[in-house]
Protein chains: 2
Amino acid sequence: MTITQLYYVLAIAEHKNFTKAAEKCFVTQPTLSTQVQKLEDELDVQIFDRSKKPIELTDVGRKIVQQAKNIVDESDRIQDIVDQQKGFIGGEFKIGIIPTIMPTLLPMFLKSFIKKYPKVKLKIEELTTEEIIARIADGHLDAAIAATPLEHDNIKERVLYYEPFVGYIPNDHRLKDKKKIDVSDLDINDMLLLEDGHCFRDGVINLCKAFKTHEDDQFQLESGSIETLVKLSNEGLGMTLLPYLNTLDLNEKMSSQLHHFNEPSPAREVSIIYHKNELKMQIIDALHDVISGIIRGAIAFQNVEIISPRAK
Amino acid sequence: MTITQLYYVLAIAEHKNFTKAAEKCFVTQPTLSTQVQKLEDELDVQIFDRSKKPIELTDVGRKIVQQAKNIVDESDRIQDIVDQQKGFIGGEFKIGIIPTIMPTLLPMFLKSFIKKYPKVKLKIEELTTEEIIARIADGHLDAAIAATPLEHDNIKERVLYYEPFVGYIPNDHRLKDKKKIDVSDLDINDMLLLEDGHCFRDGVINLCKAFKTHEDDQFQLESGSIETLVKLSNEGLGMTLLPYLNTLDLNEKMSSQLHHFNEPSPAREVSIIYHKNELKMQIIDALHDVISGIIRGAIAFQNVEIISPRAK
DNA sequence: AAACTATGATAAATTTAAATTATTGTAATG
DNA sequence: CATTACAATAATTTAAATTTATCATAGTTT
């Protein structure tokens, strides 16, 4: 049994297809066929059920794949140990960021990160929390930045900062004259929300403690970007909530529509999250240090109340 | 990096000698030299410091060895998964048993175990608790039977039975007329003990809540076997304590010298113990089932008080 | 200090294993 | 029924592991 064989098994299990898995492994399809057969012979058990299309795992196969993941993870960690010893921070690092954090946070830290750690090749993807969780679990993502707490067994979290929500209230809105707003002022039915799948949407819904009914709505547009929310709000279609960092680069006219919350201000917790196996911890540490260092200059709120990003 | 290379590294780390490690791996010494060099080249780090005699691990080397152990353990477990799936219970299994349990327990279960599981090749060794802990930790022993609790981080325990202590009191002893004895009757200074290193000795000392002084002793013989203790006791050199199973095959004259304790009788907890990595769990389960099944017929005490087997 | 011994490194040759190209076999699909 | 998709197999090439033989070096003995 070799680690390479286990890699092959994992690739096949993932793609349910020898040919595609072979491409991913940068070898030809017969290589996978023969190596997997060798492993199956050695263990004297079928890992894959080739009679099904697409190919399926057998019962033992599923357990073997699980264990193979452990072994491959543990063996990856040897390089990790060496890197740590050498103080080497580098290599490819795949990070996911949720859409409502990406445009504000990424420009703040990316430049100084790549300057400080030039050997790290960051691959950044915009993903929803759901997608992030799945990809961290299966190892396709090394880490992610998302709203927490997620309370997911296989994922660890390290808080980066707490980001308060700020009300964005158009001139014709019932709350326009309140200098500071309160959570109890909010009514989910005159607020603009992001489309489904955004945890920021879920956070706001949790905050309002009521579900949007859709019944007496004249329109049902739900945007995918916070920028659109602001523009819709300007058209008088309702108020909205913005994460604090989104309020920093508004023009003068727009910032005048901002209404902060009375303390404790509702806020989201933003963390760097990663698999519990703690692979590539040096890079995660590096990211954490850079980001929280930069944020410390931009956000200075103490008295906040964390709103859960999870639906329901 | 291959699993084989990691095996080689582990063998060298253990024997601190390429030649001996090569023998253990059933390959020639140049094989180890070249394979280890290849691994060191790939990781670009020295694992061994060959300038020292005997050879030493470098700092990273130590960490790599630790991780290599994990990987090798995890990869062994794949065969385990397959065995479990097939309901196959077999292969070599190394078990240690402490001296005070070996002669009574082994004859009780060995025959029926090898009959029920003919494919398991048991290798049984008599070892002290100390030796057992070390060998389970380094993987040289698959499991052991010992007095518990040990409260050792890397070792798991599964209780087999509780074995009461029974007083063996010669005719001239101050307690000879007490039908049932009590823990408070015991005086460590008129009792015969096993030699140092036996946990049964430590258990008895704990029971007496006093240390033997050696000061006013006329003799300082400490035996390595319970049989000798009984014979010395017969010579009037003091009383002793026997584990219950040792009292079952005494002749009539000897059994008349037995004095049971008032309930709750002091007892030792006897468990099958194994590494927390839970390798070869099917065999451990099988052993547990056979032994506790047999013991259930021989020991039927409920009201006992467990005495710790650990010194001090 | 010279000779000896133990032990690991290196070289060359051999054996074994992995990977590739080309081809065949076999289900599912239209 | 022909086509397509996809895995297995065969033959060959390439690469890697292992062995035998030899050398280098450090410590030990005489």
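Computed from a predicted model, the values in this text were never measured in an experiment.
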- request: Evaluate the side-chain proximity of B:D49 to B:I55: yes if any heavy-atom separation is below 4.5 Å, no if none is.
  value: no
field: Listed nucleotide nearest any side-chain atom of A:T28, set D:dT20, C:dT20, C:dT7
entry: C:dT20
Whole angstrom value for the distance that separates P of C:dT15 from CD of B:Q35: 18 Å
- request: Could you tell me whether the side chain of A:L10 reaches within less than 4.5 Å of the side chain of A:E14, counting heavy atoms only?
  value: no
Separation of atom CD in A:Q5 from atom P in D:dA16, rounded to whole Å: 16 Å
statement: From CD of A:E42 across to P of C:dT16 the rounded distance in Å is 17 Å
- prompt: Counting side-chain heavy atoms from C-beta on, which of C:dA9, D:dC6, D:dT18 comes nearest to B:Y8?
  reply: D:dT18
- prompt: Given D:dT19, C:dG8, C:dA19, which nucleotide is nearest the side-chain atoms of B:I55?
  reply: C:dG8
Residue A:S33, side-chain atoms from C-beta onward, closest of D:dT20, D:dA8, D:dC6: D:dA8
task: Let me know, please, whether A:F26 or B:T34 comes out on the 5' side of the other along DNA chain C by nearest nucleotide.
output: B:T34
- prompt: Is the distance from OP1 or OP2 of D:dT9 to the nearest side-chain N or O of A:Q37 less than 4.0 Å?
  reply: yes
field: Whether B:F113 and B:F109 hold their rings parallel, tilted or perpendicular, with breakpoints at 30° and 60°
entry: perpendicular
- prompt: Think B:R50 has a side-chain N or O under 4.0 angstrom from the OP1 or OP2 of C:dA9?
  reply: yes
query: Just wondering, do A:I78 and B:M1 contact through their side chains at under 4.5 Å, heavy atoms?
result: yes
query: Rounding to a whole Å, what distance do you find between B:H15:NE2 and C:dA6:P?
result: 18 Å
- request: Rounded to the nearest angstrom, tell me the gap between atom CG in A:L32 and atom P in C:dT21.
  value: 14 Å
task: May I have the distance from B:E23 (atom CD) to D:dT18 (atom P), rounded to whole angstrom?
output: 17 Å
query: Atom CD of A:E40 and atom C1' of D:dA8: how far apart are they, to the nearest Å?
result: 12 Å
- prompt: What does A:T19 touch in the nucleic acid at a heavy-atom separation under 4.0 angstrom: a base, only the sugar-phosphate, or nothing?
  reply: sugar-phosphate
- request: Evaluate the side-chain proximity of B:Y274 to B:L141: yes if any heavy-atom separation is below 4.5 Å, no if none is.
  value: no
query: Within the structure, does a side-chain N or O atom of A:N17 lie under 4.0 Å from either OP1 or OP2 of D:dA5?
result: no
- request: Take atom CD of A:E56 and atom C1' of D:dC6, then tell me their distance rounded to the nearest Å.
  value: 16 Å
